[in-house]
Amino acid sequence: MKTSYLAIGYACNQKCRFCPCSKEEASYPLVSGADLERTVQEILKDDQIGHIVVSGGEPTLHPCLFELLHIITSRGIQATVLSNSEKFSDDAFTERLLSSAATKHLAVITTLHSHDSQEHEWVNQTAGSFERTMKGLFNLRKNGIHVTVKHCITRLNYRDLKNFYESMNRLFDEQVDFQLCSIDYCGLTEEDKYNQMVVFPKIAPYLEEMFDACLLDRTNGSRRHVYCINMPLCSADPYYWEFFAGRSEGYASYAAPKSSGVPGLSSKVEKNTGTFAGECAKCKVQKICSGTYQTAFSYFGDQIVAHYPED
C-alpha cells in the first residue's frame, strides 16, 4: 500500500515555535473544495494508493475538510489527519466529522509538546490550547476515532520523556498510540535552530528511561504502541531498537498549495529524511536506520549523530 500526502492549506490557529511552514505560505489563498477534490482524483489514479495523509497548516480550519474526508474514506482509503485537535473540543464539530467520514478508515495524529499545559502553550504560543486539545482528543476517542499522540523531541524537553510518557499513559486508553519524532528545522530562525537542536546520542539515557517504563507496563499487560519516527538508531542502545520505525519509503505523491491557491501535485517526491551525514556513511547500521530530517544535517552536520563502528 502506498501513501500520499495532501496539505490542504497553511492557515493555523496556533503559532508553534518550530513550525516548518513559512509566514509566506500561511498567507497563500484558500484552496477551493473543487480543487481539493480534483487533486484527490488525480492522486487516486494510482490504484496502489491506500492511505492519504491530510495536513496543513491546521486542516480543521478548511471549510471543505468534511467533504474531503468523505470522498477519501467512502472509497475505503485510509485518511490520517494531522491536527492539533483544538476544533474537536467542539461537540458539534466532532459530530460533523462523524457524520461525514467512515470512521473505520479515519485516524488523527496530534502533537503534544509537553504534559504540562504551560510548557505546551509556551511552544505553540496559544493560551488555553492545551485544555482544548485534550478535550478534542477525548472527544475523538469517545467516538471511536483512532488517535496517536505525537511528541516532538527538542533540546528543551528530552530530559522529561519518562514523565511525559507516564502522564499520557494515565490519561489515555491503551489504544492510543504514542509517537516520538525529531523536528524539521526549515521554519526556524538561526537562534531557534540552536535552541531546539538535539544531539541524538545525548538523549539516549532519557529515551531509554522512557522505554524501560513502557517495557514494564508491557509486562503488566499494556498493549500500547510506542514508536519513534525520523529518529536515528544512535538515539538508543540496540536493545531498544524495537521502538524505532524502519526506513520509510516516503510518499508516492505529494500535494500542497501554491501561492496561487491551487494545489501542486508531484509524483516524484524527494525524501526529506534519511542518513545524510558523514558519520552515517561510516555506520554499520546505516541501511536499516531511518535517520532524521535533512535540515538537521544541513544545519548541524555530524555533531548530532554518532556512528556504530564496523568492528
Nearest heavy-atom approach of Arg247 to Lys287 is CD-O, 2.7 Å
If the threshold is 4.0 Å, N to carboxylate O, is there a salt bridge linking Asp46 and Lys2?
yes
Polar side-chain atom of His225 near backbone of Asp177 as donor-acceptor pair, under 3.5 Å
no
Pair Glu86 + Arg132: basic N to acidic O under 4.0 Å:
yes
Let me check something: any side-chain donor-acceptor pairs from residues 195-210 under 3.5 Å, sequence neighbours excluded? List them with distances.
| residue | atom | partner | partner atom | Å |
| --- | --- | --- | --- | --- |
| Asn195 | ND2 | Glu191 | O | 3.4 |
| Gln196 | OE1 | Thr154 | OG1 | 3.3 |
| Glu208 | OE2 | Asp237 | N | 2.7 |

Leu161 side chain reached by His151 side chain, heavy atoms, under 4.5 Å:
yes
Indicate the atoms forming the closest heavy-atom contact of Val176 with Arg224, along with that distance.
O-NH1, 2.7 Å
Can you check side-chain hydrogen bond (donor to acceptor under 3.5 Å, both in side chains) on His115 and Ser167, steps first, answer last?
CA-CA 6 Å; His115 57 289; Ser167 178; 5.3 Å; no
Can the ring centroids of Phe138 and Phe172 be said to lie less than 6.0 angstrom from one another?
yes
Rounded to the nearest 0.5 Å, what separates atom OH in Tyr185 from atom CD1 in Ile183?
4.5 Å
Kindly indicate whether the side chain of His120, heavy atoms from C-beta on, has any atom under 4.5 Å from the side chain of Leu112.
yes
Please report the interatomic distance CG(Asn13) to OG1(Thr60), rounded to the nearest 0.5 Å.
6.0 Å
Do Asn230 and Thr292 have a side chain donor and acceptor closer than 3.5 Å?
no
Can you get from Leu215 to Phe164 by hopping between Ile, Leu, Val, Met, Phe, Trp and Tyr side chains that sit under 4.5 Å apart?
yes
Do Glu131 and Ser117 get their side chains close enough for a donor-acceptor pair, meaning under 3.5 Å?
no
Distance-only side-chain donor-acceptor flag, Asp91 / Thr94, under 3.5 Å
no
Glu95 side, atom CD; Ser99 side, atom OG - distance, nearest 0.5 Å
7.5 Å
Is the shortest side-chain heavy-atom distance between Ile43 and Ile52 below 4.5 Å?
yes
State yes or no: are the ring centers of Tyr10 and His62 separated by less than 6.0 Å?
no
Would you say the rings of Tyr227 and Phe244 are close, in the sense that their centroids are separated by under 6.0 Å?
no
For residues Val305 and Trp241: do they belong to one hydrophobic cluster (side chain heavy atoms under 4.5 Å, members Ile, Leu, Val, Met, Phe, Trp, Tyr)?
yes
Would you give the length of the straight line joining atom CG of Asp116 to atom CD of Glu121, rounded to the nearest 0.5 angstrom?
9.0 Å
Criterion side chain to side chain contact (heavy atoms under 4.5 Å, CB included) on Gln179 and Ile229, from CA distance to verdict
CA-CA 7 Å; Gln179 178 192 99; Ile229 64 168; 3.4 Å; yes
Distance-only side-chain donor-acceptor flag, Asp302 / His307, under 3.5 Å
no
Please tell me whether Leu30 and Leu265 are part of a single hydrophobic cluster in this structure, the criterion being side-chain heavy atoms less than 4.5 Å apart.
no
Going from CD on Glu174 to CZ on Arg218, what distance comes out if it is rounded to the nearest 0.5 angstrom?
11.5 Å
Check whether any side-chain heavy atom of Ile71 lies under 4.5 Å from a side-chain heavy atom of Glu37, and answer yes or no.
yes
Does the side chain of Ser114 reach to within under 4.5 Å of the side chain of Phe130, using non-hydrogen atoms?
no
Closest heavy-atom contact between Tyr308 and Ala236?
OH-O, 3.0 Å
Among side-chain atoms of Gln14 and Thr126, is any donor-acceptor pair under 3.5 angstrom?
no
What closest approach, in Å, do Ile49 and Thr3 show between heavy atoms, and which atom pair accounts for it?
CD1-C, 4.3 Å
Polar side chain donor-acceptor pair, Thr295 to Asp184, under 3.5 angstrom:
yes
Heavy-atom donor-acceptor pair, Lys271 side chain to Gly250 backbone, under 3.5 Å:
no
Treat each ILVMFWY residue as a node, draw an edge where side-chain heavy atoms are under 4.5 Å apart, and state whether Val262 and Val31 are in one component.
no
For Tyr293 and Asn272, which I'm curious about, is there any donor-acceptor pair between the side chains at under 3.5 Å?
no
Can you see which heavy atom on Cys234 is nearest to which on Ala306, and at what distance?
CB-O, 3.3 Å
Compute whether any side-chain donor of one residue and acceptor of the other, for Asn220 and Asp217, lie under 3.5 angstrom apart.
no
Co-members of the apolar cluster containing Tyr254 [side chain, <4.5 Å]
Tyr5, Val53, Leu82, Ile109, Tyr251, Val269
If hydrophobic clusters are built by linking Ile, Leu, Val, Met, Phe, Trp and Tyr wherever their side-chain heavy atoms come under 4.5 Å apart, do Leu61 and Ile8 end up in the same one?
no
Whether the His51 and Ser4 side chains hold a donor-acceptor pair (N or O, under 3.5 Å, no angle test) is what I'd like checked.
no
Min side-chain heavy-atom separation Val108-Thr80 under 4.5 Å
no
With the side chain counted from C-beta on, respond yes when Leu97 and Phe66 share a heavy-atom pair under 4.5 Å apart, and no when they do not.
yes
Classify the side-chain pair Asp212/Tyr240 by whether it contains a donor and acceptor separated by less than 3.5 Å.
yes
Closest non-hydrogen atom pair between Tyr165 and Cys214, with its separation
OH-CA, 3.3 Å
Asp192 CG to Arg155 CZ distance, which is reported to the nearest 0.5 Å:
12.0 Å
